[in-house]
Amino acid sequence: MLGHFYSGNISHCDEFVHIEDVVNAIENTVESRQVIPDQMASNIGEPTSPTYQELQDSIGNLIHGKDLGKSLSATCYNNARG
């Protein structure tokens, strides 16, 4: 049996933004309002994000001390069964 920690498409990723980064961006915008254009796009997130597969592989490596690749799901399943 093969499964994944994330039940969706493991090649996708989600952008995560820390609340402190959002607050800092707003504060900096307000402080700079006299010198920035009336309309401006700003990206306060990370330029790239790991996919769910990359996260799963990294977590498996941290837990088991080696790269398990796709066998991570089967290993976790077998360990859970006893």
Q56 vs I59 side-chain heavy atoms within contact, under 4.5 Å: no
Flag side-chain contact, heavy atom, 4.5 Å: E54 against D57: no
Closest approach of G45 to V17 (non-hydrogen atoms, all atoms of both residues): CA-CG2, 3.9 Å
Test side chain to side chain contact (heavy atoms under 4.5 Å, CB included) applied to S49 - qualifying residues, sequence neighbours left out: C13, E15
Let me check something: any side-chain donor-acceptor pairs from residues 24-37 under 3.5 Å, sequence neighbours excluded? List them with distances.
unit_1	atom_1	unit_2	atom_2	d
N24	ND2	E20	O	3.2
N28	ND2	N24	O	3.2
T29	OG1	A25	O	2.7
S32	OG	N28	O	2.9
R33	NH1	V30	O	2.5

